[in-house]
Amino acid sequence: MAKEIVNVMISEEEVEKKICEVAKLISEEYKGKTLHLICVLKGGVFFMCELAKRLTIPVTMDFMAVSSYGAGTQSSGTVKMIKDLDESIEGRDVLVVEDIIDSGRTLNNLLELLKTRGPKSLKLCTFLDKPDRRVIDVPVDYTCFKIPDVFVVGYGLDYDQKYRNLPYVGEVVFKEES
Ligand code: IMP
Ligand code: MG
């Protein structure tokens, strides 16, 4: 049986510093507007809270949940809607907040769906990006960190639903148990 260990990849301090920078940029770009944040559950929730706290423009929020991974580390390629938004996004300036973009399948599906609902503008903000893994091209407007093709946890990201609560980003190393 494989047992995993987690090594710190991006420290809590680095994460906070970067989120402040991205929040400043977003606040400048949406000056005079109300920004509607859409959090993709569950992974995006830590990042969205930290980001939202630092935005200086008026903000509203909604949440949706989709699933593309099971208990493993490979994207299934199909995206299932688990929880839809509570409110209409018609005519609103929408920013989708995601934990990580890997193959791009999840976000591609999600953005196509949201576009059909008539937002005034639709942009994407991701905490992490693994560009080497991209299968479908998705337009990413704001990225905190680009990372190599490794499996990471923490700051909302899970392995088998664990480690979401780590205050840093950690790389998962799988060890064979002897
Ligand atoms: P995509 O559809 O392949 O882009 O997958 C995106 C989703 O896969 C993310 O929202 C995460 O839930 C999950 N995911 C991708 N890479 C990782 C990782 O390194 N750690 C934890 N979850 C990941
Ligand atoms: Mg996940």
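First listed ligand is number 1; within each ligand, the first listed atom is number 1.
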ask   = Short list, please: which atoms of ligand 1 are under 4.0 Å from a heavy atom of Asp99?
value = 9 (C), 10 (O), 11 (C), 12 (O)

message = I'd like to know whether ligand 1 has Gly104 as a neighbour, heavy-atom separation below 4.0 Å.
response = yes

request  = Considering only NZ, NE, NH1 and NH2 on the basic side and carboxylate oxygens on the acidic side, decide whether Glu112 and Lys115 come within less than 4.0 Å.
outcome  = yes

request  = May I ask you to check whether over 12 heavy atoms, not counting those of Lys162, lie within 6.0 Å of atom NZ?
outcome  = yes

request  = Would you mind running through ligand 1 and noting each atom that sits below 4.0 Å from a heavy atom of Arg105?
outcome  = 2 (O), 4 (O)

ask   = Would you say Val153 contacts ligand 1, with heavy atoms under 4.0 Å as the rule?
value = no

message = Checking the N or O distance criterion of under 3.5 Å, is ligand 1 in contact with Phe151?
response = no

inquiry  = Using a strict threshold of under 4.0 Å (side-chain N to carboxylate O), is an ion pair present between Glu21 and Lys24?
reply    = no

query = Would you say Val150 contacts ligand 1, with heavy atoms under 4.0 Å as the rule?
reply = yes

Please table the atom pairs, donor to acceptor, closer than 3.5 Å between any side-chain atom in residues 136-156 and protein atoms at least two apart or in another chain.
{"unit_1": "Asp141", "atom_1": "OD2", "unit_2": "Leu124", "atom_2": "N", "d": "2.8"}
{"unit_1": "Tyr142", "atom_1": "OH", "unit_2": "Glu29", "atom_2": "OE1", "d": "2.6"}

Under-4.0 Å heavy-atom contact with ligand 1, by part of Arg133 that carries it = neither

message = Just to check, does Lys130 reach to within less than 4.0 Å of ligand 1 when the distance is taken from its heavy atoms?
response = yes

